[in-house]
Structures are given as structure tokens and as C-alpha cells.
Student: 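I'd like to ask some things about the structure below.
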2 protein chains.
Amino acid sequence: MTVMPPPRRALWKSIAATLSDEIAQGHYTQGARLPTEAELASRFGVNRHTVRHALTDLADRGLTHSRRGAGVYVTARPTEYAIGRRVRFHQNLAASGQTASRQVLRLETRPCDPREAEALALSAGAPVHVYEGLSLADGAPLAMFRSIFPADRLPGLRAHLSETQSITQALAREGVSDYTRASTRLTAKAANPILALHLRIPDGAPVLRTVSINLDLQGRPVEYGHAWFAGDRITLTVTPE
Amino acid sequence: MTVMPPPRRALWKSIAATLSDEIAQGHYTQGARLPTEAELASRFGVNRHTVRHALTDLADRGLTHSRRGAGVYVTARPTEYAIGRRVRFHQNLAASGQTASRQVLRLETRPCDPREAEALALSAGAPVHVYEGLSLADGAPLAMFRSIFPADRLPGLRAHLSETQSITQALAREGVSDYTRASTRLTAKAANPILALHLRIPDGAPVLRTVSINLDLQGRPVEYGHAWFAGDRITLTVTPE
DNA sequence: TCTACACACTTGTCTAGTTGTATAGGAATT
DNA sequence: AATTCCTATACAACTAGACAAGTGTGTAGA
């Protein structure tokens, strides 16, 4: 318990300091759930709102994040790292000592829409595979991605993706031994609620979106990709060759 | 005070909007079965009840109907989907610094800070020129930039910049006939009030920031540049040489 | 071949718990 | 008098888990 010095510090600040301390000391480890607001309020002998004030401070400082209905969690802070123009997600992360993984959110085949048709040079309504998921570094979500593949040319791709989860490997099994990036477009966006939930960032926080097209060795488009990166967790590095 | 993002949308509304959009675009056609509630919950990262709330909305609007034990089916046909071919401001990264017009905000010489010293390979406190301004296209501010130049190697640069406003020309007059971009780092940020004012965007709106280093032909750094692009007004295109 | 049954899976419903937000007001400080 | 800090209450939004009800499929048995 902290001592109250005469020039009284605000209650919520003491509580925030205490909790922040306990997180720093490893009392609550990364990804762990804190006690509920009600429990904390009872522990510190204050109103729930006062606890909320302290928790808001922790969240603002990036120490925690909350999920309505679920609880308050200790944020796993991924170290900043760079992705080169040679775009191979896993290799880059491995180089910086982090373990990369993917979480599949969606894997299905459906007719394409006009935009996808144009990007992949397909006729309207041709079938495409949709591969959507999260890219994680040491368990913390870094980016959400969606890749669109022409299904006619790569009939078995979906099965391969569900096994390996690696795009490069899955494409290789379908006979696309290598592919190169034709273009990357970048824009800054505000996160919508769903995206914010997945990336565990506040609603409306800035997000870096990339839209890319990859070609096979014959110059035909094989992937139309979107990715949304948590703005404050990532720095993309573009290096000439 | 934290930034107030646009009116918060409930999670289930975002999900309903997303699904309704995908039906409209023909991703799920008439008679098709949607993924199960559990799958959708996993895809959107929410509880099944939240998905059900969204599905109830779709059913109320007549887009879908469900059969207990069987699944949820699409009743609506895809509406015509028109791609509005928007005019976009494409800015090539390699050719940055060639916008239509500039407005100078600051032009001064001062000792460098540690970060600048490192970027430009200078000794601590060495003098640098600071060139700060706005890039305009058709009168609308596209980006704010700040360029740092080593003052010792380019003593007359400031005078040249105040005359031409063109970085390339000013450098040429100082004997740097050409320069190449060594690296560009990109990240998404929220606009602070000053930046928002300059770019004429709402406070906290997403902004695309680039940090770059340019080298002369001998490989020595001659410019350390920052730029902040209004996220919704620009798309940066990165094309391999 | 047909039937009956088991079983996995899906939607429907219920209860309980947790965070988010709004409103109102008392007490201490400035 | 105004502001800040904290309490108090109520409700909305979402999660969590459990179970009931209905569907689709495979299988064993007659």
C-alpha cells in the first residue's frame, strides 16, 4: 500500500501508479487479465469510476487495453521493427528475433467483384480465393491482411493455405515458384471498430494501409493484397533494392 | 484531452454493414449459405451474440433468412456495383519533392539535435539548415514537409532555397548535381492540432508520415527529410525501379 | 432397401458477468 | 464562485457459458 503524503496526490494517480508498478514487476504479465473494475474498486476502497480513471491513464500510456464485456488486459508491446521491400513477413521478423505467426480469420472461395477483377485481370465474377487473417509478432497483432487469389489458375491453393498458412509455400505448391511485387500503394486510414478490435487499438486510431499486387514470373497477377498495420506499432521501411 | 474520433459505431452495426456490403458486391449470392455464426464470430473477433445481433438486422432488412440447425441464407440479389474511378493524387516516392507549388513556413539555420546528427552523419551540434513548408496541389495542402541539410557543406543553400523553393535546384547550385534516396520509412500517425490546421483536416485525422534520407553521388547524406501527408488526400505509390 | 438411431453441427434462448457511458451531486481546493 | 476529485446510480453494449431445438449425415440392423 502506498503512503499518502500531506500534499495529497490524486487518488486515481496513486492507483494508476500502483497498478503500473505491479505490471512492471511482473505481477501481471503480458496478455494477462487484470481483476475486474469492481474487484479493483473494492481492493482500493474507492468507487468504480475512480478505478476507471486510473485504468484510462494506463490505457493512454499503452500499458493496457480493454475489451468491453471481457476485461482489461496487459498490452504486449511489440518492439518496433522494419519491413523491407523484399516482402517476406516471416523472414523479417525472424531477423529481429521475434516469432511470427498467423491467425486465420477467413478462408473461402467466392466470385470476385469488379475491383478485384481489374486488379487480377480476371473476367467479371470469376472465382477467387479469399485469405484473411492477422499477422502476429510474439503473439501481439501487428497487422490484418486480406489476400485475393485467382481460383481458376490456382485451384488447390485454399487447401494448401489451410495447411501451411504461408502464402509463399502455398503458391509454390501450385507451381508459382516465385513472385515479385508489382506495386504497393500506401495510405493512412482511421481504424473502423472491427479492425480496431483485431489490432487492439482504440477506435479511430491511425492505421497504415497497403494495397499491393504481386506477379508471377510470367508477369501475370497472382495476388491482390491488402494489409492494415497498427500505426504506432510499425514502421515500414522502403529500401531501393 | 484525447482525440474524439467520429461518432462511435456499435460493433454489431459495423459487422452488419460489412456483411451487407459483401452481399451487395456479390461475394455471397442469392441462395448461398453464409458462414456459420461461430465462423463469423471468429472472423470478426467478437462473441457469437454480437454476430447474431448483426444477422438479426440483416434478416429484418430482408437480406437474409435463417433456418435453425441449417444455417443462414442469402435472400437478396447483389445490387449493381459501380466503381467510381476517383481522381487520385499519386505521388511517387522516388520523385517526392516535385509537387505543384510550395509555401515556405520556416527557413533558418541552427545547431542540429542528436537525431539529425545521426541521420546526416554530423558531429553533435553542427549547424544545419531547416526548410519547412507546405506542398500544395491546386491550392489544397497535400503535405507538410521538413528538410534538414548540413550547413557546413552547403553554406549558401538557405539563400538559394529562399529564391527557388526547389530543393533540387538549390542543391544543384551548391554543387550537388544529383542525389538518390537511401531509405524511406513510413508510418501512420494522428494529426496534432498544428498539423491539422496546416493540412486543413480534422484534429486527430490519420496522417501518413515519411522519413527519408537522401545521399549525394559520393554516398554522403545531404538531406534528412520528414513529410506528413493528409491520409485521405493521397495515395503513395511505390514502384520497383 | 428401408428404417431407426446415434452423432456432429447449427441456430435459438437464457442467465450472469464485465466494460462503456451518461447523469447527478457532495466535498475539498483554488 | 469555480473547478477538481470522487461518489452514486442506472443503463447500454458486449462477453461467456450452458443448454434446448432443429438439421444433415452416416451407420447398423431388419
Student: If the threshold is 4.0 Å, N to carboxylate O, is there a salt bridge linking R52(A) and D57(A)?
Tutor: no

Student: Show each protein N/O and nucleotides 9-14 of chain C N/O combination with a separation under 3.5 Å, one pair to a line.
Tutor:
unit_1, atom_1, unit_2, atom_2, d
dT10(C), O2, G69(B), N, 3.4
dT11(C), OP2, E37(B), N, 3.1
dT11(C), O4', G69(B), N, 3.1
dG12(C), OP1, S66(B), OG, 2.8
dG12(C), OP2, R52(B), NH1, 2.9
dG12(C), O4', R68(B), NE, 3.3
dG12(C), O4', R68(B), NH2, 3.0
dG12(C), O6, R48(B), NH2, 2.7
dC14(C), N4, H49(B), NE2, 2.6

Student: Return the value, rounded to whole Å, for the distance between atom CD1 of I194(A) and atom P of dC14(D).
Tutor: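 The distance from CD1 of I194(A) to P of dC14(D) comes to 11 Å, rounded to the nearest Å.
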
Student: Before accepting this row, confirm whether a basic side-chain N of the pair R33(B)/E39(B) lies closer than 4.0 Å to the acidic partner's carboxylate O.
Tutor: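 No, R33(B) and E39(B) are not salt-bridged.
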
Student: Assess the side chains of T168(A) and Y179(A): does a donor N or O sit below 3.5 Å from an acceptor N or O?
Tutor: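 A pair is found: one side chain offers a donor N or O, the other an acceptor, under 3.5 Å apart.
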
Student: Between R173(A) and E163(A), does any NZ, NE, NH1 or NH2 come within less than 4.0 Å of an OD or OE carboxylate oxygen?
Tutor: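 A salt bridge links E163(A) with R173(A).
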
Student: Taking the cut-offs as 6.0 angstrom to the six-membered ring centre and 45 degrees off its axis, would you call R102(A) and F145(A) a cation-pi pair?
Tutor: yes

Student: When the distance from CG of L40(A) to P of dG17(C) is rounded to whole Å, what number comes out?
Tutor: 18 Å

Student: In plain terms, say whether E132(A) and R110(A) are close enough for a salt bridge, that is, a side-chain N and a carboxylate O under 4.0 Å apart.
Tutor: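 Between R110(A) and E132(A) there is no salt bridge, as every charged N stays at least 4.0 Å from the carboxylate O atoms.
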
Student: Between protein and nucleotides 2-5 of chain D, what N or O pairs are separated by less than 3.5 Å?
Tutor:
none

Student: Round to the nearest Å and state the distance from N47(A) atom CG to dA22(C) atom P.
Tutor: 17 Å

Student: Would you mind reading off the distance between H65(B) atom NE2 and dT23(D) atom C1', rounded to a whole angstrom?
Tutor: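 Spelled out: NE2 on H65(B) to C1' on dT23(D) is 15 Å.
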
Student: Once you measure the plane-to-plane angle for W228(A) and H226(A), does it fall in the parallel (<30°), tilted (30-60°) or perpendicular (>60°) bin?
Tutor: parallel

Student: T50(B) side chain N/O closer than 4.0 Å to the phosphate oxygens (OP1, OP2) of dA13(D)?
Tutor: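 T50(B) to dA13(D) OP1/OP2: no side-chain N or O under 4.0 Å.
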
Student: Going by the angle between their ring planes, with limits at 30° and 60°, are H65(B) and Y73(B) parallel, tilted or perpendicular?
Tutor: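 Ring orientation, 0 to 90° scale: parallel.
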
